[in-house]
Amino acid sequence: MHAVARTREGAAPQTGPEAAERLARLHGAVADWFEAAARELPWRAPERTPWGVLVSEVMLQQTPVVRVLPVWREWMERWPRPADLAAEAPGEAVRAWGRLGYPRRALRLHAAASVIAAEHGGELPGTEEGLLALPGVGAYTAAAVAAFAFGHRATVVDTNIRRVHARLLGGDALPAPSLTAAEQRRAAALLPHDDDASVRWNVGVMELGALVCTARSPRCDACPVAHECAWRAAGEPPPSYVPKGQAWHGTDRQVRGAAMAVLRAAERPVARELFTAAPAPGTPGTLGTPPRPGIAPGTVAAALARLHALNTGPEQLHRALEGLIADGLAVEVDGGLRLP
DNA sequence: CAGTCGTGGTG
DNA sequence: TCACCAAGACT
């Protein structure tokens, strides 16, 4: 580091009294914008609980708010406290997870609830360190829960915040493919020192990224800090790299997803042959249940039909099922598979 | 550390 | 239509 802070072209100084004033302006502008434009979300309501915040944060990992909302409400009604979930079989969490995706998150949430019930007297740890020790809780989620549930000063860095920082301060269209140490340092340096102000900044920048400074078509006309934006000042240059798309069709993940849908629909273990074999006409698909025609949609047979429609090879199917077992999302019983 | 892990809305 | 993307974690 040089004695005098050098910044990239187009970016303002990041140290000194001038920078401090600018930072204070940003804090105020974002807080005011959030006050006026933020969504009302149940995990932000005054009656929220730390448990509810944790559940929301895990559900929101790689999953849009609109799809989380109904599932989160179900979970909170059914399992208002960690001990309530811990008392259930893990498979119930997976089933209630529905189609949110990445079902291992449900499993980890159940595991976290068990740890909280068994080792923390049923109360969530209030520190980042304590939260970080919970299954499924990484750096982002630990910071988010510490901030949003406990009001602590924590450096929250999610994909929205990364994108806002990249544009506003870095002058780039998009953040780097993966979180860098420099980004974390920058995020920490931007955080207000006051607890309450830091929480407002974290949630404000995150909401700004979610509603205005979006990945594809940012609504800069609605941005409270557009006049401070380094990316706009630079003429909105395009991304310096090409995002590598997420393959889906023909992947193990697709097969795993279809297999999980079968397990979620099944009340009994599903025989392995039913996963692998060509669809037998009128087969309910559960052990101990005699075949009958006319299975209604949304049942095991329908899920099996969707799985078979993928025309996956037997080796890939085997790999997918073994993967689910290895991940604890399926357990083998008497030649069949069921939720844990 | 690059790869893996679901799902559905959308520009 | 179809690739991109969404409050990441873990190995």
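Order of the sequence lines fixes the chain letters, A, B, ..., with proteins taken first and strands second; residue numbering starts at 1 for each chain.
Counting any heavy atom pair closer than 4.0 Å across all strands shown, Leu41(A) reaches a base atom. Heavy atoms of Gly101(A) sit under 4.0 angstrom from at least one base atom. Across all strands, Ala144(A) comes closer than 4.0 Å to no nucleic acid atom at all (heavy-atom distances). Within 4.0 Å (heavy atoms only), Ile161(A) reaches no atom of the nucleic acid at all. As judged by a 4.0 angstrom heavy-atom cut-off over every strand, Gln254(A) is placed among residues making no nucleic acid contact. Nucleic acid contact class of Arg219(A) (heavy atoms, under 4.0 Å, all strands): none. Nucleic acid contact class of Trp97(A) (heavy atoms, under 4.0 Å, all strands): none. Residue-level contact check: Val137(A) touches the backbone only, with heavy atoms under 4.0 Å from sugar-phosphate atoms and none from bases.
Listed candidates were dA6(C), dA9(C), dA7(C). Nearest to the side chain of Thr141(A) is dA9(C). Checking dG6(B), dA6(C), dA7(C) against every side-chain atom of Pro64(A), the shortest atom distance belongs to dA6(C). Among dA9(C), dA7(C), dT7(B), the nucleotide with an atom closest to any side-chain atom of Gln61(A) is dA9(C). Here the side chain of Asp252(A) is nearest to one of dA9(C), dT7(B), dC5(B), namely dC5(B). Checking dA7(C), dT7(B), dA9(C) against every side-chain atom of Arg39(A), the shortest atom distance belongs to dA7(C). For Arg216(A), whose side chain is taken as the heavy atoms from C-beta onward, the closest listed nucleotide among dA6(C), dC4(C), dA7(C) is dC4(C).
The phosphate of dG6(B) (OP1 or OP2) has no side-chain N or O of Arg105(A) nearer than 4.0 angstrom. Arg108(A) has no side-chain polar atom (N or O) that falls below the 4.0 Å cut-off from OP1 or OP2 of dC5(B). One finds a side-chain N or O of Gln62(A) lying less than 4.0 angstrom from the OP1 or OP2 phosphate oxygen of dG8(C). For Arg162(A) and dG8(C), the shortest distance from a side-chain N or O to OP1 or OP2 is not below 4.0 Å.
The base of dG6(B) sits with one of its N or O atoms less than 3.5 Å from a complementary donor or acceptor on the side chain of Thr63(A). Contact of Arg67(A) with dT7(B) (side chain to base): a donor-acceptor pair of N or O atoms is detected under 3.5 Å.
Comment: Arg272(A) engages Glu332(A) in a salt bridge, judged by a side-chain N to carboxylate O separation of less than 4.0 angstrom. With respect to the salt-bridge test (charged N to carboxylate O, under 4.0 angstrom), the residues Glu88(A) and Arg95(A) do not qualify.
In this structure, Glu322(A) places its CD atom 18 Å from P of dT4(B), rounding to the nearest Å. Separating the CH2 atom of Trp248(A) from the P atom of dA6(C) is a distance of 18 Å, rounded to the nearest angstrom. Spacing between atom CG of Leu107(A) and atom C1' of dA9(C) amounts to 14 Å, rounded to whole angstrom units. At whole-Å resolution of the value, CE in Met59(A) and P in dA9(C) are 16 Å apart. In this structure, Tyr241(A) places its OH atom 12 Å from P of dC4(C), rounding to the nearest Å. One interatomic measurement links the two molecules: NE2 of His249(A) to P of dG6(B), which rounds to 16 Å at whole-angstrom precision. Distance, Asn160(A) CG to dA6(C) P: 7 Å, rounded to whole Å. Distance Leu208(A) CG to dA7(C) C1': 14 Å, rounded to the nearest Å.
Across the interface with DNA chain C, nearest-nucleotide mapping of Ala215(A) and Ala142(A) shows Ala215(A) to be the residue nearer the 5′ end. Of the residues near DNA chain B, Arg99(A) and Arg104(A), the one whose nearest nucleotide (by heavy atom distance) lies more toward the 5' end is Arg104(A).
When only modelled atom types and interatomic distance are considered, Thr63(A) and Arg105(A) share a side-chain donor-acceptor pair under 3.5 Å. For the residue pair Thr155(A) / Gln184(A), no side-chain donor-acceptor distance below 3.5 Å is found, with atom types taken as modelled.
The aromatic rings of His165(A) and Trp201(A) sit parallel to each other, their planes meeting at less than 30°, with 60° as the upper class boundary.
Judged purely by atom type and a 3.5 angstrom limit, Arg162(A) uses its side chain to pair as donor or acceptor with the backbone of Ala176(A).
dA2(B) and dA7(C) have their C1' atoms separated by 23 Å, with the value rounded to a whole Å. Rounded to whole Å, the P atom of dT11(C) lies 14 Å from the corresponding atom of dG6(B).
Smallest separation of non-hydrogen atoms from Trp79(A) and Glu92(A): CH2-O, 3.7 Å.
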